[in-house]
**Student:** 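Starting off with a structure, shown below.
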Amino acid sequence: MRVRLLFAFCVALTATTAGQALAHSKLKSSIPANNSTVAGGFKEARFDFLEPIEPAMSYFTLVDANEGPVLRAEGARSCEAKTCRFAVEPLKPGKYRIDYHILSADGHVVEGKIRFTVKAAQ
Amino acid sequence: MTSAIALARLVALIALGAIGTKLILAGREPVSRRLILAGALTALAATAVQVLLQAALASGDAGLTWALLETFLARTWGGRVALVRLALIAAIIAAGPRSARVALALVVAALLTAPIGGHAGTAAPAVVSFTFHALHAAAAGLWIGGLLVLAVQAFAGRDDAALRSGLTDFSPWALGLVMIAIAAGIGAAMLQVERWAALFGTAYGQLLLAKIFLLLLPALLAAAWLRQRFLAGNGAEGTARRVLIVEALFGLGVMMLGVSIAQTVPGRHDAIDWPFAFRFAPEIVWKQEGGMQDILVTLTGGTASLILAGILFAKGGVFRQAAALCGAVGVALFGMLAYIVSVPAWPTTFAATSEPYTADVIMRGRRVFLENCVVCHGKAGHGDGPGAGALPIAPADLTAPHTEDHTAGDMFWWIGNGMPSGAMPGVGDAIADEDKWALITYIRALSSGYSGRDVQKRVIPRSPWLGAIDFNYQTGTGENATLNDWRGQVVVLLVLIRDSAQVPRVKELLAMAPDLAKARTQILIVSSESLGEALGTLPDNATLIETDTGTILDAWSLYRRTFWDMDSEDERPAPPYMEFLIDRFGYVRLRGRSDDETLAPASLLALQAAYLAEEPQSRPPPDEHVH
């Protein structure tokens, strides 16, 4: 009985602790930066991560203020080592969000989002 | 899903470990084919489940498809390693039952690959990291696998003779395996945790502590068992049996923690949530008034007492009591030393900033500063704002070097929760966390600007310390580039120009471009005005950045202060022209200002750039480890 209890405890421990793996993002910096405002001439987005990433299993989605998809960039075509960059067609003024899904080289999935505003070109 | 991955990993490790130890001990009784097959099939199924779950997790919102599984296996490091492991296990099934030696080699190889696709791959140096992680997993797998096999035998109540011979054979192996697992585990843990603070303040570190604790228990049990065996004669079989089962369960617990750790963000990457109200910081206390004496007196006294205690103890007899007294005094003095060198700490003391050291962040931090901090700390941060006079405790001078004694995380805590002395109220959530970090980044740049006065127009060899402020810009082809992109490759000559009257100096530098190119130096010219026509065609190693927002110029203006012109009240306009040499590792090494000092001749500048291009690295790049 005690043995079974101990086993159950161990399984519970494994389950609860292992579940915390996805808690933290490893994005180092991005262009546009989170919560920043960029000019209308903005042509390319760039994400720098702390560790090398796996391009093949990474992607980015850009959505507008109404959650309408604008583009999806596959890591295979955008990423190298720790940096991902992809072209963005000229955006209308407004609020946007980029969601990123990254498989880092050590096997962790890192997900996050950055928000930015496009202002009218001068 | 990560829990399921951890469990699958656990099952595979134990199954492989169990057949591994069986094969190692195969001398007396040959291992049955059925056992090898059963173990290998279990490991194969568990590994396959693990890989499928990992691929599903990596696929994200798209969900796992055949195509994505193929991509995962063929084109990611973790996937390729998993394929190799699956192949090795399949080979055990195919060849194992025929040759025990081949089977053992395959089992060990499969165990060695277990951690390679995970954390081991990203810790540097890679070869050392792979070795530590692989040896740790293989030794631990074999040890616990073997322990469990014996425990099952003991539990099932098989005949004592077989159990005893199994134990006798396994014991020396177990000792060696545990030693390897512990030594390699310590090495791997040091690579993954990096800082003491991460051991106590991250989930990874705490799991590691729990694992060490659980590991100590079987050691104590083993000692108890040995006592029983040697002191109580042959009648202790029953106890040995129980001890073995309990020890195996503890071993299983250790391994469960191990596979959980493999699924947890390594301590070096995770946010540190410091659990104690103090931290040890002798380097800060040393600089405080009387700190040096206190540390030296307690350290010398404590050490002398302990040495004396040792001598007295060695003399034996009546001296033993005196030795105990001296020992107690020594321990007390070391306790006092620990108290003396501790400084207050908060949950965020070791938290890492979310904001990089860039011009954008610094200027955002400056806006937060001007909106929230000026009344007390003053416009220029000297603690002399209009409201400062009425306060019982004077606000801190944020430009003074003492700001270095506090971690960025300390400041983060004070901004949000106030100073414990009541000197400053906390803003709570009125300022968003990332803006608090931006504010701290600004204060750091401001303070560095004052210390940075000693960076002048001559490079002082091997003394980098002032970190360059990163910024992003668009290249001629419209790509986003950053100043830090040049890091590790070339020296950067950064030219900041606000007044077209300074164009002749820029032209003088551009005329030196071939020499600078030989010295592996890139010229970046940041201008607030359009200079394209005035400068004409630029050489290959020069880029003109015509920024319309002025963020780069304004942020770098924080580095304008000189001993002759401190501009401590931030009253004068920014200098019309400044130039900086940034070494290959991201440190500002030379600064020239047109309005305050005579600028170095362009040829001398090129010579110094040539020196920097060859200078070996003397410290890690600034902000390498931003989270």
Side-chain angles (χ1 to χ4, degrees), chain A residues 2-3 6-7 9-36 39 41-46 48 50-59 61 72 76 83 85 87 99-111 122, chain B residues 2-3 5-7 10 54-55 57-62 68 71-72 74-79 117-123 155 203 207 210 245-246 249 252-253 256-257 259-266 269-271 356 358 360-361 364 432 434 470 472 474 478-480 482 548 625-627:
Chain A
R2 260 180 293 173
V3 169
L6 188 69
F7 186 77
F9 169 75
C10 287
V11 171
L13 195 71
T14 314
T16 49
T17 50
Q20 300 173 358
L22 302 179
H24 293 279
S25 128
K26 290 200 236 170
L27 180 68
K28 184 175 163 193
S29 63
S30 66
I31 303 171
N34 192 21
N35 295 327
S36 65
F42 160 72
K43 286 180 201 150
E44 187 203 49
R46 171 176 162 159
D48 286 273
L50 270 175
E51 296 286 336
I53 61 163
E54 295 284 8
M57 300 299 282
S58 302
Y59 58 82
T61 47
R72 179 182 162 105
T83 301
R85 39 171 96 220
D99 296 344
Y100 58 88
H101 169 102
I102 292 299
L103 177 64
S104 77
D106 64 4
H108 288 296
V109 174
V110 179
E111 288 182 328
Q122 284 160 1
Chain B
T2 49
S3 311
I5 294 174
L7 281 175
L10 180 77
Q54 279 174 328
L57 199 62
S59 300
D61 59 11
L68 275 174
T71 310
F72 179 77
R75 288 173 53 199
T76 70
W77 169 247
H119 294 156
T122 51
F155 197 66
L207 281 172
I245 293 170
V246 175
L249 284 170
L252 188 64
M256 282 182 167
L257 285 169
V259 292
S260 298
I261 287 171
Q263 290 297 116
T264 307
V265 174
H269 283 317
D270 206 357
T358 62
D360 282 335
V361 170
R364 180 152 59 86
E434 57 249 44
D470 193 19
N472 56 275
Q474 293 211 331
E479 278 189 355
N480 283 313
T482 69
D548 58 345
H625 217 89
V626 180
H627 288 252

**Student:** Only counting residues at least two apart or in another chain, list the ones meeting salt bridge (Lys or Arg N to Asp or Glu O under 4.0 Å) with R75(B).
**Tutor:**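 R75(B) satisfies salt bridge (Lys or Arg N to Asp or Glu O under 4.0 Å) with no residue once adjacent residues are dropped.
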**Student:** Given 3.5 Å as the limit, does a donor-acceptor pair link the side chain of H101(A) with the main chain of A58(B), or not?
**Tutor:**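 Flag set: sc H101(A) to bb A58(B) pair under 3.5 Å.
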**Student:** Check whether A45(A) gets within reach of chain B through its side chain, its backbone, both or neither, counting any heavy atom under 4.5 Å.
**Tutor:**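 It is the backbone, since no side chain atom gets that close.
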**Student:** List the atom of H108(A), the atom of P266(B), and the distance in Å for their closest heavy-atom pair.
**Tutor:**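 Taking H108(A) first and P266(B) second, the nearest heavy atoms are NE2-CD, 4.1 Å.
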**Student:** Find the one option among L68(B), D470(B), N472(B) whose heavy-atom pairs under 4.5 Å with chain A are most numerous.
**Tutor:**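 Heavy-atom pair counts peak at N472(B).
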**Student:** Which one of D61(B), T71(B), I261(B) has the most heavy-atom pairs closer than 4.5 Å to chain A?
**Tutor:**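 Top count of heavy-atom pairs under 4.5 Å with chain A: D61(B).
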**Student:** For A55(B), which atoms come within 4.5 Å of any heavy atom of chain A: side chain, backbone, both, or neither?
**Tutor:**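 For A55(B), backbone heavy atoms alone lie under 4.5 Å from chain A.
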**Student:** Closest approach of E54(A) and W77(B), non-hydrogen atoms and distance?
**Tutor:**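 Distance-wise, the nearest heavy atoms are OE2-N, 2.6 Å.
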**Student:** Where do N480(B) and R46(A) come nearest, in terms of heavy atoms and distance?
**Tutor:**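 It is O-NH1, 3.3 Å.
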**Student:** Can you tell which part of A33(A) gets under 4.5 Å to a heavy atom of chain B, answering side chain, backbone, both or neither?
**Tutor:**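 Contact with chain B involves no heavy atom of A33(A) at all.
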**Student:** What part of N35(A) is in contact with chain B, defined as an atom under 4.5 angstrom from a non-hydrogen atom: side chain, backbone, both or neither?
**Tutor:**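 The side chain, not the backbone.
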**Student:** Residues in salt bridge (Lys or Arg N to Asp or Glu O under 4.0 Å) with D360(B), at least two apart?
**Tutor:**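 D360(B): no salt bridge (Lys or Arg N to Asp or Glu O under 4.0 Å) contacts found.
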**Student:** Given the rule in the side chain to side chain contact (heavy atoms under 4.5 Å, CB included) test, do T482(B) and I31(A) qualify, once you have shown the distances and angles that lead to the verdict?
**Tutor:** CA-CA 10 Å; T482(B) 69; I31(A) 303 171; 4.2 Å; yes
**Student:** Hey, mind stepping through H269(B) and L50(A) against side chain to side chain contact (heavy atoms under 4.5 Å, CB included) and telling me if it holds?
**Tutor:** CA-CA 9 Å; H269(B) 283 317; L50(A) 270 175; 4.3 Å; yes
